Amino acid sequence: MRLIAICTLLLLCTNLVGQPLQKRRKVEIQTQFGNMVVELYNETPKHRDNFLKLASQKYYDDVLFHRVIKNFMVQGGDPNSRNAQPGQQLGNGGPEYTIDAEFVPHLFHKKGALAAARQGDNVNPMKKSSGSQFYIVQGNVVPIQQLTAMQSRANQNQIQALTRQYMAKNPQIDSKIKAFQDAGLHDSVNAVFKSVMELVQKSPEFKPMQYTEEQIKTYSTIGGTPHLDGGYTVFGEVISGLNVVDSIAAQPTGQADRPKTDIKMKIRVLE
């Protein structure tokens with residue numbers, strides 16, 4: 001019986017491909033409002049390793065949480081915020097590199113999630129992450145009905161975008177629609193659009209969004225920012241000191257959502 005128990009324990013400590021499960025690394029974010037312990041995900045190794053490297057180099061020492069939006073998130077990691085003057089524009093600093101996006105469906109923007117900041121889609125279509133800037137989610141509780149509506153809206157937007165792309169590649173369809181419109185055949189126009197939309201929904205490019213049971217339960221009880229899912233890389237979560245996020249988020253802010261009183265951090269790697 002003892003041998004069976006040992007064998008069972010070994011199996012539990014091994015993943016599906018027979019490799020030992022990798023222990024998650026942890027860091028401590030120290031602030032004047034208390035400390036947070038953050039666990040980094042192994043499923044996002046590029047972000048994990050970069051964050052550990054910077055923390056071990058004390059890159060974040062005395063850097064500010066320079067952007068704070070209550071019921072949304074707290075953001076920091078800009079090295080230019082160290083000893084920044086009042087009113088100084090912040091948010092553009094960091095090392096001279098970006099990190100490839102690491103989107104993992106089961107890692108999402110629940111309250112306490114650690115995610116990478118980045119430049120907007122217009123200049124960063126690949127959604128690459130900032131080399132050092134990050135944010136921690138505070139968010140709000142999201143009712144199930146709202147999640148359902150968001151899911152439906154996201155899928156509809158995707159279908160419409162794919163439809164536009166398909167028609168751009170097939171100009172004869174657009175010509176047919178214009179001919180029907182000129183003839184006042186509105187039912188025929190709608191029929192063409194419907195057939196194209198049905199076609200793109202069956203294409204491999206269409207990847208329907210579907211919240212998991214875990215996401216629905218978490219967002220509707222603990223809260224978060226679900227509208228950011230799939231747009232920014234989530235690479236860790238606060239496992240201790242979540243109240244510190246609430247304290248930081250509650251601070252008065254001024255121009256560009258910068259706290260009126262500087263909120264400094266230090267980040268230490270925990271062994």
Side-chain angles (χ1 to χ4, degrees), residues 24-31 36 38-70 72-85 88-105 107-139 224-238 244-245 248-249 253 255-259 262-269:
R24 286 178 174 175
R25 300 294 301 276
K26 298 180 179 66
V27 299
E28 183 179 63
I29 302 178
Q30 303 170 357
T31 79
M36 296 173 275
V38 177
E39 197 169 61
L40 305 178
Y41 298 141
N42 295 323
E43 297 94 322
T44 52
K46 294 177 182 179
H47 287 74
R48 175 201 63 200
D49 293 348
N50 179 69
F51 202 70
L52 290 170
K53 178 192 74 173
L54 295 179
S56 66
Q57 294 173 348
K58 299 186 178 181
Y59 183 95
Y60 293 110
D61 278 14
D62 297 323
V63 167
L64 304 181
F65 280 99
H66 67 270
R67 183 170 177 243
V68 169
I69 303 176
K70 189 176 182 181
F72 183 36
M73 58 90 227
V74 299
Q75 180 176 335
D78 180 352
N80 296 338
S81 67
R82 190 183 293 110
N83 301 317
Q85 297 300 309
Q88 180 179 336
Q89 184 176 356
L90 300 172
N92 295 318
E96 297 298 318
Y97 61 80
T98 55
I99 308 168
D100 291 339
E102 294 179 294
F103 298 139
V104 182
L107 305 179
F108 55 98
H109 283 81
K110 62 185 177 182
K111 182 174 182 178
L114 171 71
R118 64 174 179 83
Q119 290 188 303
D121 290 354
N122 57 326
V123 295
N124 181 26
M126 299 303 291
K127 304 182 191 300
K128 293 187 176 184
S129 300
S130 161
S132 65
Q133 292 194 45
F134 64 89
Y135 60 92
I136 302 174
V137 174
Q138 185 190 35
T225 55
H227 64 282
L228 297 181
D229 287 341
Y232 298 79
T233 296
V234 176
F235 65 99
E237 65 179 278
V238 176
V244 177
V245 178
I248 294 174
T253 57
Q255 186 176 4
D257 302 308
R258 178 176 170 179
D262 285 350
I263 303 172
K264 296 183 179 182
M265 70 175 79
K266 283 184 170 61
I267 302 181
R268 297 289 178 259
V269 178

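Values below: every heavy atom of this structure, side chains too, minus hydrogens, waters and symmetry copies. None of these values were measured; they are calculated from a predicted model. Counting from 1, the numbers follow the sequence of the chain as shown.
For the pair Asp62/Asn83, no side-chain contact is recorded, criterion being any heavy-atom separation below 4.5 Å from C-beta on. Side-chain contact between Leu107 and Thr44 is present, with heavy atoms from C-beta onward closer than 4.5 Å. Using a 4.5 Å heavy-atom cutoff, the side chains of Met36 and Val245 are in contact.
Other residues, nucleotides and ligands contribute over 12 non-hydrogen atoms within 6.0 Å of the CD atom of Gln88. Heavy atoms of other residues, nucleotides or ligands lying less than 6.0 angstrom from CD of Gln255 number 12 at most. Residue Lys58 qualifies as open at atom NZ: its count of foreign heavy atoms under 6.0 Å is 12 or below.
In this structure, Pro79 and Gly77 approach most closely via the heavy-atom pair CD-O, 3.3 Å. Across all non-hydrogen atoms, the minimal contact from Lys127 to Gly231 is CD-O, 3.8 Å. Of all non-hydrogen atoms in Val137 and Met73, the two that sit nearest each other are CA-CB, 4.2 Å. The minimum heavy-atom distance between Ile267 and Val27, with the atom names listed, is CG2-CB, 4.0 Å. Ala55 and Val269 get closest at one heavy-atom pair: CB-CG2, 3.8 Å. Listed here is the closest heavy atom pair of Gly93 and Ser132: O-OG, 4.2 Å.
For the pair Arg118 and Tyr232, the distance from NZ or CZ to the six-membered ring centre is under 6.0 Å and the angle to the ring normal is within 45 degrees.
None of Arg25, Arg48, Arg24 except one satisfies the side chain to side chain donor-acceptor pair (under 3.5 Å) rule with Asn42; the exception is Arg48. Of the residues listed (Ile248, Asp257, Ile263), the one engaging Val74 in a side-chain contact (heavy atoms from CB on, under 4.5 Å) is Ile248, and it is the only one. When each of Phe108, Tyr41, Phe103 is tested with Val234 by the rule side-chain contact (heavy atoms from CB on, under 4.5 Å), just one qualifies, namely Tyr41.
Not a single salt bridge (Lys or Arg N to Asp or Glu O under 4.0 Å) links Glu102 to another residue, sequence neighbours left out. Residues that satisfy the salt bridge (Lys or Arg N to Asp or Glu O under 4.0 Å) test with Asp100, not counting sequence neighbours, are Lys46, Lys128.
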Steps toward side chain to side chain contact (heavy atoms under 4.5 Å, CB included) verdict (Asp61, Arg268): CA-CA 9 Å; Asp61 278 14; Arg268 297 289 178 259; 2.8 Å; yes
Verdict with supporting geometry, Gln30 and Met265, side chain to side chain contact (heavy atoms under 4.5 Å, CB included): CA-CA 5 Å; Gln30 303 170 357; Met265 70 175 79; over 6 Å; no
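In this pair, Tyr60 and Phe51 present their aromatic rings tilted. The plane angle is within the 30 to 60° band. Ring-plane geometry between Phe65 and Phe134 is classed as perpendicular, the angle between the planes exceeding 60 degrees on a 0 to 90 degree scale with a lower cut at 30.
The CG atom of Leu228 sits 11.5 Å away from atom OG1 of Thr233, with the distance rounded to the nearest 0.5 Å. To the nearest 0.5 Å, atom NZ of residue Lys70 and atom CZ of residue Phe72 are 15.5 Å apart. Once rounded to the nearest 0.5 Å, the distance linking OG of Ser81 with CZ of Arg67 reads 14.0 Å. Thr225 OG1 to Gln138 CD: the interatomic distance, rounded to the nearest 0.5 Å, is 10.5 Å. We find the CD1-CG distance between Ile136 and Leu114 to be 6.0 Å, quoted to the nearest 0.5 Å. Taking OG1 of Thr31 as the start and NZ of Lys266 as the end, the distance is 11.0 Å to the nearest 0.5 Å.
Judged purely by atom type and a 3.5 angstrom limit, Arg82 has no side-chain atom pairing as donor or acceptor with the backbone of Leu64.
Asp229 and His109 form a side-chain donor-acceptor contact under 3.5 Å, judged by distance and modelled atom types alone.
Using a 4.0 Å cut-off between a side-chain N of Lys or Arg and a carboxylate O of Asp or Glu, Arg258 and Asp262 qualify as a salt bridge.
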